[in-house]
Enquirer: 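Once you've had a glance at the structure underneath, I'll fire off some questions.
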Amino acid sequence: VSHPVFAVVGHPNKGKSSIVATLAADDSVHIGPEPGTTTHCRRYPMAVDGEELYALVDTPGFQRARRALHWMKQHETSADRHADIVRQFVDIHRDRDAFPDECELLQPIIDGAGILYVVDGSVPYGEEYEPEMEILRWTGRPSLALINPIGRADHLESWRSALGQFFRVVRVFNAVTAEFHKRVELLRAFGQLDEDWRAPLDRAVASLESDRQRKRRVAAHAVAEGLFKMLTHQVEQKRPSEADTTTAKPAIEERFRENVRHFEQQARDAVEQCYSHRRIERREEALQLLDEDLFAEKTWLLFGLRRREIMASGAMGGAATGALVDAHFGGASMLAGTLIGAGLGATVGWWTAGRLVTVKILNTPLGGKRLVAGPTKNVNFPHVVFNRARYHHYLVSHRTHATRGTLNLTANPTPLMPALDKDDRAALEGVFAQLRKRRHDPQNLERLAEVIEAVFAKDDSTTSAP
Amino acid sequence: MAWLEGLRASGAALPGRSVGTAYRLLILALVMLGLVIGWGAAAALFHYDGTRPVNVVNVLAVFVAAQVCLLLLLGIVMVPDRWVQAFPGVPAFQEALALLSPGQLIRVAIRCLPRTARDLLAPTFASGASDGSLFGRVWKWAVILAAQSFAAAFNAGALAACLYLVTFSDLAFSWSTTLKPDVDTAHRLTQVLSAPWSHWVPEATPSRDLIRETLFYRQAGTRGGGDPARWGQWWPFLAACLITYGLLPRVFLLGLAGWRFRRSTRQALLQIPGVAVVLDRLTSELVTTQATDLEAEAAASSDSATATTGQSRLPDALPLCLVNWGGLAVPDERLKRQVSESWRRRIIHVQHAGGRASLESDASAIAAIAAASGQPGVAVLVKSWEPPVLEVGDFLRDLREAIGGRRLIILTPVSLDAAGRLAPPRESDAIQWQQRLRGLGDAALVVRPWQEGGTP
């Protein structure tokens with residue numbers, strides 16, 4: 001083979017599939033408490049722009065290792081023939097019923113794969129593992145043993161001691177809690193098994209690290225977009241000028257709240273998808289809006305003109321007229337004409353706009369009330385939303401693909417996540433202030449995404465609590 | 001990228017292409033309209049039928065004063081957003097001014113587009129889009145560009161009409177005003193207006209004499225005097241005014257608007273939600289680690305297999321043979337004693353099988369159990385934390401074959417406590433063993449997890 005392939009082998013139900021799910025970042029891997037869920041090999045190629053750099057192969061567990069070894073010993077001639085005998089064993093039994101699992105799991109190894117032997121470090125070492133380890137030794141392939149502590153009990157030392165007799169490299173790797181850097185370290189360790197594997201694995205590690213950064217960038221953008229939408233969202237309803245707005249408010253407010261929550265959930269989905277978590281169920285408290293009064297009543301006018309526009313136009317017109325008067329006096333009036341003209345023009349504009357609202361032409365009103373809910377004005381709201389998003393991102397980015405179960409966002413994040421440092425807090429507050437001032441400026445979105453990405457990068461470098 | 005290029009090359013009807021075509025058609029229509037109106041305006045202002053000469057004041061009012069005013073207003077509209085925020089009311093005034101622009105015909109043009117293109121543009125060019133949102137700047141510069149196309153064409157049409165009339169007719173110019181006519185003031189004004197070109201086109205600057213001689217009084221035909229041949233000498237000045245205050249600024253603004261329009265379009269495209277991600281994706285490596293094929297169906301659960309009921313119970317006095325399967329780390333004597341005390345029955349012997357033991361050793365154990373007198377029952381103790389592999393089933397089948405179908409076999413998953421004594425297994429482990437061994441279809445095989453003091 002031109003690139004390394006690693007067969008993940010071991011006793012049934014010892015976390016082989018969990019290891020593969022975590023290393024391949026694939027949450028489609030079936031992981032269950034019942035043994036023997038993997039009956040066929042499944043390949044997980046790691047490719048960069050279509051070029052395969054290495055592959056993992058999930059295999060069924062040993063079911064009749066003692067009998068298989070018994071057969072091999074019966075056909076043994078000398079130690080240098082061990083690998084051939086294993087090959088012979090697979091060739092003879094491939095289409096028979098006696099050793100389907102052994103044939104399936106040994107096939108990639110005799111095809112040249114390296115061996116990742118997985119055991120559960122939370123149960124005691126047992127002598128029944130020795131036949132399978134012996135078979136693996138007979139294959140003569142480079143091998144590494146991984147102790148995957150599934151439960152809480154600690155039998156690591158006895159395992160280390162036993163595995164050390166069969167494998168050159170023994171590592172502890174918890175598939176459920178392994179941070180990204182630990183996965184990368186493990187890949188580097190694979191490179192130590194064979195000199196020829198080092199270059200493709202180093203390249204793979206570099207690509208995975210840059211991909212991790214890209215994912216973080218994309219996630220930061222998704223969160224920033226969600227925040228941007230939530231902080232600038234408005235729900236508007238036009239009403240006749242004489243209509244009572246109190247009855248319409250609850251429905252508009254509910255629509256506003258639903259929309260804001262929808263934006264938040266959209267961002268959550270995007271972040272999870274970005275980290276290839278497609279099957280997460282979340283438990284999270286619904287977002288509460290902090291504003292006591294979201295509403296503003298404004299007037300609207302036909303042709304899209306707003307009252308302030310009419311007022312401004314009036315002011316400018318008045319100022320221009322006043323300026324002519326000033327010019328007539330050759331500047332002796334000290335711009336009084338311009339100022340008075342602007343004031344009068346603005347007043348007339350305001351008054352005219354107010355009157356226009358009630359005018360109807362062909363029974364079509366020229367204006368009316370604009371009932372506007374949002375955007376939220378509470379200065380704490382953006383921080384609340386951001387902290388929720390940050391906690392979610394933290395949990396998702398630290399979650400391995402072997403983890404099953406609901407993502408609980410209701411727990412207190414404080415013990416896990418470090419507090420924001422002063423600079424990040426100031427940068428965030430700066431962007432939030434800009435958003436309050438100029439809510440539609442798309443550059444605010446870019447600035448927000450940059451700040452969030454910086455925070456996420458720091459979070460990514462912290463280790464989650466076990 | 002290849003897909004996109006292929007799509008573009010195929011000439012498919014892309015919505016963006018329709019929009020671009022519609023916008024270009026609109027610009028073309030505005031240019032034609034500008035040329036016609038400009039020509040018409042100039043033809044009207046330069047009209048001379050031999051009775052009343054062309055009034056220079058009218059020409060300057062329309063082609064200089066009005067245009068300078070419009071340019072000032074345009075200047076206000078073009079002030080960047082970040083500069084006007086500090087002045088309350090100015091953004092609103094900008095928007096109000098923009099509504100008066102001929103570029104607003106874009107909205108009419110959009111209504112003429114096919115439905116797909118209209119839907120595509122709806123969120124970007126909808127009303128209110130000019131408030132600085134995602135496509136606010138694009139909208140602003142699209143309007144300004146269209147307006148400048150019209151204005152430049154208007155001035156070009158006016159200049160063309162002016163030159164045509166000068167060339168193909170004999171024009172007479174004069175100037176008159178109801179306000180107090182003052183030759184000195186008029187001369188100063190023309191000096192100011194012709195300042196940009198007076199050094200290198202001096203003949204396009206009216207002299208004081210020309211101004212005095214062409215002053216037109218209320219009494220018909222009364223002029224300031226002088227040679228009638230000079231009455232036509234205003235045209236170089238007027239043409240220069242048209243070029244300097246009309247055409248050139250508009251051509252410059254047209255170029256500026258075109259540049260800003262393209263720039264704002266590029267910037268807006270980058271700011272569309274999702275575009276940054278797509279670009280990021282296109283410019284970075286595609287790293288895939290997941291399986292490319294679907295996972296094979298898991299083995300059918302043994303729940304569905306024929307299950308032994310496990311209702312059988314050992315006769316009270318029946319002794320037992322014990323099998324330590326897989327090297328359970330309990331000395332034989334202790335094992336014998338604990339089982340015997342807990343189950344209150346006699347243990348004949350303890351055999352070892354599985355684990356590190358050879359297959360021959362398994363066979364010996366089976367032979368010893370088969371040879372035990374009194375048809376004792378068999379209890380196979382297994383490590384509950386280890387999964388039930390097929391080897392266990394193989395052993396149980398061999399055992400059954402050796403001892404016959406009637407003798408009871410009890411398979412007991414056990415755990416070990418800290419002192420190394422037998423302890424009840426975790427429920428999940430016990431269930432796992434029960435489920436797997438039901439599939440053996442052995443009616444006299446019972447799975448009984450270890451329980452202190454329990455009766456098998």
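Values reported hereafter were calculated over all heavy atoms of this structure, with side chains retained and with hydrogens, waters and symmetry mates removed. So you know, we letter chains A, B, ... as the sequences are listed, proteins then strands, and number each from 1.
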Enquirer: With a 4.5 angstrom heavy-atom cut-off, is it the side chain or the backbone of A:R43 that approaches chain B, or both, or neither?
Expert: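 The backbone, not the side chain.
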Enquirer: Taking side chain as everything from C-beta outward and backbone as N, CA, C, O, which of these in A:H401 sits under 4.5 Å from a heavy atom of chain B? Side chain, backbone, both or neither.
Expert: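 For A:H401, no heavy atom lies under 4.5 Å from chain B.
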Enquirer: Would the distance check show the side chain of B:Q290 and the main-chain N or O of A:A25 forming a donor-acceptor pair, the cut-off being under 3.5 Å?
Expert: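 Checked: pair present.
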Enquirer: To the closest 0.5 Å, what do you measure between CG (A:D101) and CG (B:L390)?
Expert: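 It is 6.5 Å, given to the nearest 0.5 Å.
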Enquirer: Exactly one of A:R214, A:M46, A:E209 should register a side chain to side chain contact (heavy atoms under 4.5 Å, CB included) with B:V287. Which one does?
Expert: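 Testing B:V287 for a side chain to side chain contact (heavy atoms under 4.5 Å, CB included) against A:R214, A:M46, A:E209 leaves exactly one candidate, A:M46.
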Enquirer: So, taking the atom named CZ in A:R67 and the one named OG in B:S358, what distance separates them when rounded to the nearest 0.5 Å?
Expert: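 With rounding to 0.5 Å, CZ (A:R67) is 11.5 Å from OG (B:S358).
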Enquirer: What part of A:S210 is in contact with chain B, defined as an atom under 4.5 angstrom from a non-hydrogen atom: side chain, backbone, both or neither?
Expert: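 Looking at A:S210, just its side chain touches chain B.
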Enquirer: When you check the gap from the basic side-chain N to the acidic O, do A:R203 and B:E285 get nearer than 4.0 Å?
Expert: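 Salt bridge between A:R203 and B:E285, a charged N being under 4.0 Å from a carboxylate O: no.
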Enquirer: Do A:V123 and B:K383 have side-chain heavy atoms sitting under 4.5 Å apart?
Expert: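 Counting from C-beta outward, A:V123 and B:K383 never come under 4.5 Å.
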Enquirer: Under a 4.5 Å heavy-atom cut-off, does chain B meet the side chain of A:K14, its backbone, both or neither?
Expert: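 Just the side chain, heavy atoms under 4.5 Å.
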Enquirer: Between A:E128 and B:G326, which heavy-atom pair has the shortest distance, and what is it?
Expert: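 Closest approach of A:E128 to B:G326, heavy atoms only: OE1-O, 3.4 Å.
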Enquirer: What distance separates A:D211 CG from B:T289 OG1, expressed to the nearest 0.5 Å?
Expert: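 The CG atom of A:D211 sits 8.0 Å away from the OG1 atom of B:T289.
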Enquirer: If I measure from the heavy atoms of chain A, does B:T292 come under 4.5 Å with its side chain, its backbone, both, or neither?
Expert: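 Both parts, backbone and side chain.
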Enquirer: Can you tell me which portion of B:D429 sits under 4.5 Å from chain A's heavy atoms? Options are side chain, backbone, both or neither.
Expert: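 For B:D429, neither part sits under 4.5 Å from chain A.
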Enquirer: If you count heavy-atom pairs within less than 4.5 Å of chain A, which of B:P388, B:S428, B:A357 leads?
Expert: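 Top option by heavy-atom pairs under 4.5 Å: B:A357.
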Enquirer: A:F62 versus chain B, heavy atoms under 4.5 Å apart: side chain, backbone, both or neither?
Expert: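 Looking at A:F62, just its backbone touches chain B.
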Enquirer: Any donor-acceptor pair under 3.5 Å linking the side chain of A:E130 with the backbone of B:R356?
Expert: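 Checking the backbone N and O of B:R356 against the side chain of A:E130, no donor-acceptor pair under 3.5 Å is found.
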Enquirer: Is it the case that more than 12 heavy atoms not belonging to A:E52 sit under 6.0 Å from its CD atom?
Expert: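 Result for CD/A:E52: enclosed.
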Enquirer: Ion pair present between A:R66 and B:E391, side-chain N to carboxylate O less than 4.0 angstrom?
Expert: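 Counted as a salt bridge, because a side-chain N and a carboxylate O are separated by less than 4.0 Å.
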Enquirer: Does any heavy atom of chain B fall under 4.5 Å from the side chain of A:A222, the backbone, both, or neither of them?
Expert: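 Contact with chain B is absent: no heavy atom of A:A222 under 4.5 Å.
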Enquirer: Examine whether an atom of B:E360 lies under 4.5 Å from a heavy atom of chain A, and if so say whether it belongs to the side chain, the backbone or both; otherwise answer neither.
Expert: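 Contact with chain A involves the side chain of B:E360 alone.
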Enquirer: Heavy-atom distance under 4.5 Å between the side chains of B:W385 and A:S122, does that happen here?
Expert: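 They are not in side-chain contact.
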Enquirer: Which atoms of A:D120 are under 4.5 Å from chain B, going by heavy atoms: the side chain, the backbone, both sets, or neither?
Expert: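 No part of it gets close to chain B.
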Enquirer: Among A:D49, A:D27, A:V20, which has the most heavy-atom pairs under 4.5 Å with chain B?
Expert: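 Winner by heavy-atom pair count: A:D49.
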Enquirer: Let me know if A:P131 has heavy atoms under 4.5 Å from chain B in its side chain, its backbone, both or neither.
Expert: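 Looking at A:P131, just its side chain touches chain B.
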Enquirer: As an exercise: rank A:Q63, A:E51, A:R217 by heavy-atom pairs under 4.5 Å with chain B and give me the winner.
Expert: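 Maximum pair count with chain B is reached by A:Q63.
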Enquirer: Between A:P12 and B:P387, what is the shortest heavy-atom contact and its length?
Expert: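 Residues A:P12 and B:P387, closest heavy atoms: O-CG, 3.2 Å.
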Enquirer: Most heavy-atom pairs under 4.5 angstrom with chain B, which of A:P45, A:A65, A:S207?
Expert: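 Of A:P45, A:A65, A:S207, A:P45 has the most heavy-atom pairs under 4.5 Å with chain B.
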Enquirer: Can you list the residues that meet the salt bridge (charged side-chain N to carboxylate O under 4.0 Å, His left out) rule with A:D26, with sequence neighbours excluded?
Expert: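 A:D26 satisfies salt bridge (charged side-chain N to carboxylate O under 4.0 Å, His left out) with no residue once adjacent residues are dropped.
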Enquirer: Pick from B:L328, B:D394, B:V392: which one has the most heavy-atom pairs with chain A under 4.5 Å?
Expert: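 Ranked by heavy-atom pairs under 4.5 Å with chain A, first place is B:D394.
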Enquirer: With a 4.5 angstrom heavy-atom cut-off, is it the side chain or the backbone of B:W433 that approaches chain A, or both, or neither?
Expert: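 Neither the backbone nor the side chain of B:W433 comes within 4.5 Å of chain A.
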